[in-house]
Amino acid sequence: MAKLNENFSRLKKNYLFIEIAKRIKAYSEAHPEEAKKLIRMGIGDVTRPLAPVVVEAMQKACAEMGVRETFRGYEDSGAGYDFLKDAVSNYYKSFGADVAPDEIRISDGAKSDCGNIIDIFGSGNIVLVTDPAYPVYVDSNIMNGNDVIYADSTEENGFAAMPDKSVKADLIYLCSPNNPTGSVYNKAQLKEWVDYALENNAVIIYDAAYEAFITEDEIPRSIFCIEGAKKCAIEICSLSKTAGFTGTRCGYTVIPNELIQKDSAGNDVKLADIWARRQGSKFNGVSYPVQRGAEAVFSPEGQKQCKENIAYYQENARVIASTCDELGIKYTGGVNSPYIWLKCPNGLDSWAFFDKLLTEIQVVGTPGAGFGKNGDGWFRLTAFGTHEATREAMERLKGLLK
Ligand SMILES: *Cc1c(COP(=O)(O)O)cnc(C)c1O
């Protein structure tokens, strides 16, 4: 008989988006006319199309694949072509982080690397995750048989949990700008985390998927803008939100050459080496046309075009945030993030507020409770819609709450 990985039974049910869909369906069936007015501000997916230079680069690469002389099969290393690693390295340089091409591995997106990275760590680690959080960090640890402890992100700390020196974590997951709360760590706060990690010989897994949304100069775009981070951090990033690659699939993970831990026999182990071994065994790289498309993202014209799309979402975030200001609703995010994380008015819990918006103004958001216990009483709206729908939804919200 095949024995199963029974850790799967310890996972929380994938309840959030199923429950949202169920409530929308029930409402739509009972109120078909009103349901035509539904505005969805819950989904964390982009809506703007790929930048034209990206499409051109992929088309050209596809044509190369159809010609014997320029056809490409397996990539030698599976770590990404030099042209793309060089482009990512230069991109890091542009915001003051020193990352060499050989410290970068190209991936098919941040979710897989966030989930798979746990393979290089043993059992018995104290794993620290901020609450609320993107569910992958917890789920991947549970699947591997690990338990997780939490650092509370709350209204009091601006949803930016800080280290508790009495807790000795071995692995720490941080995400800034944060999904779902839109909060960001400044340099001093990140330095505190880096110092804490160095003191405990811990490793930080830093999810920078939303770095391109940072507008304030003093907010670091990478953990490698912080002194000491190369000795304790892995950074995982993606073109999904930066360049609309959610359906195209490309990301990159940085493991610095200086990131070294001791094994149980006291030998130094380069984490980049064991991650390379893991990827070499289980991953064969990202398709050539996609890597050419990704390279185009980092060209001057690509940056200009991608920034136009980001500016489009940022205008939505501004509209949502200013509506909250007008209504006296507390929130985090919106400035350096496509998410606005708001406190449900009148002390409503997340799901009661969800139902109120759905049934009274036909606006769908995401109940904060779905991201962790500290999310209850909070609600996530996303800026990934159209200007028209976002403005309309905010007019309705004002009508409802004023
Ligand atoms: C969207 C998102 C990602 C990106 O995932 P991909 O697999 O690259 O599409 C990573 N982390 C967080 C927190 C996200 O919200």
Side-chain angles (χ1 to χ4, degrees), residues 14 16-17 41-48 50 54 80 84 88 91 104-118 129-141 148 151 153 159-161 172-185 204-214 221-223 233-254 279 283 285-287 290-291 293-294 297-298 306 309-310 313 317 332-334 336-341 365-366 368 370-372 374-375 380-385:
N14 205 346
L16 179 62
F17 290 98
M41 300 179 74
I43 304 159
D45 196 356
V46 297
T47 53
R48 310 281 300 158
L50 292 174
V54 170
L84 181 53
V88 173
Y91 181 64
I104 297 164
R105 291 188 77 89
I106 304 305
S107 71
D108 61 352
K111 192 183 211 174
S112 15
D113 280 12
C114 279
N116 292 333
I117 196 77
I118 198 62
V129 177
T130 59
D131 175 312
Y134 183 56
V136 178
Y137 318 141
V138 173
D139 286 353
S140 57
N141 272 284
V148 171
S153 295
F159 286 96
I172 302 152
Y173 287 80
L174 300 177
C175 175
S176 174
N178 191 270
N179 177 12
T181 71
S183 66
V184 285
Y185 285 121
I204 295 172
I205 295 165
Y206 192 75
D207 184 340
Y210 296 93
E211 58 78 18
F213 283 81
I214 292 175
R221 299 272 295 267
S222 161
I223 195 165
I234 292 172
E235 181 160 296
I236 298 176
C237 201
S238 164
L239 295 182
S240 283
K241 317 301 168 15
T242 302
F245 270 50
T246 51
T248 306
R249 312 303 310 143
C250 195
Y252 45 92
T253 290
V254 176
Q279 291 297 79
F283 183 66
V286 176
S287 83
V290 167
Q291 291 197 56
V297 167
F298 298 107
C306 290
N309 280 341
I310 288 176
Y313 299 132
T332 54
N336 298 299
S337 157
Y339 297 121
I340 283 84
W341 176 253
T366 312
F371 298 101
N374 293 317
R380 192 189 74 175
L381 291 176
T382 84
F384 288 128

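Read the numbers this way: they start at 1 and go in the same order the structure lists the ligands and their atoms.
Evaluated for a ring-ring contact (aromatic ring centres under 6.0 Å, His included) with Phe159, the options Tyr339, Trp341, Tyr185 yield exactly one hit, Trp341.
Partners of Ser337 under the side-chain hydrogen bond (donor to acceptor under 3.5 Å, both in side chains) rule, at least two apart in sequence or in another chain, do not exist in this structure.
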Inset, instruction - Could you go through the ring-ring contact (aromatic ring centres under 6.0 Å, His included) check for Tyr206 and Tyr173 one step at a time? - result: CA-CA 6 Å; Tyr206 192 75; Tyr173 287 80; over 10 Å; no
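The two residues Ile117 and Ile205 come nearest to each other via the heavy atoms CG2-CD1, 3.8 Å. Cys250 approaches Val286 most closely through the heavy-atom pair SG-CG1, 4.3 Å.
The protein residues lying under 4.0 angstrom from ligand 1, judged by non-hydrogen atoms, are Gly109, Ala110, Lys111, Tyr134, Tyr137, Cys175, Asn179, Asp207, Ala209, Tyr210, Ser238, Ser240, Lys241, Arg249.
You'll find the side chain of Asp113 stays beyond 4.5 Å of the side chain of Phe283, heavy atoms only.
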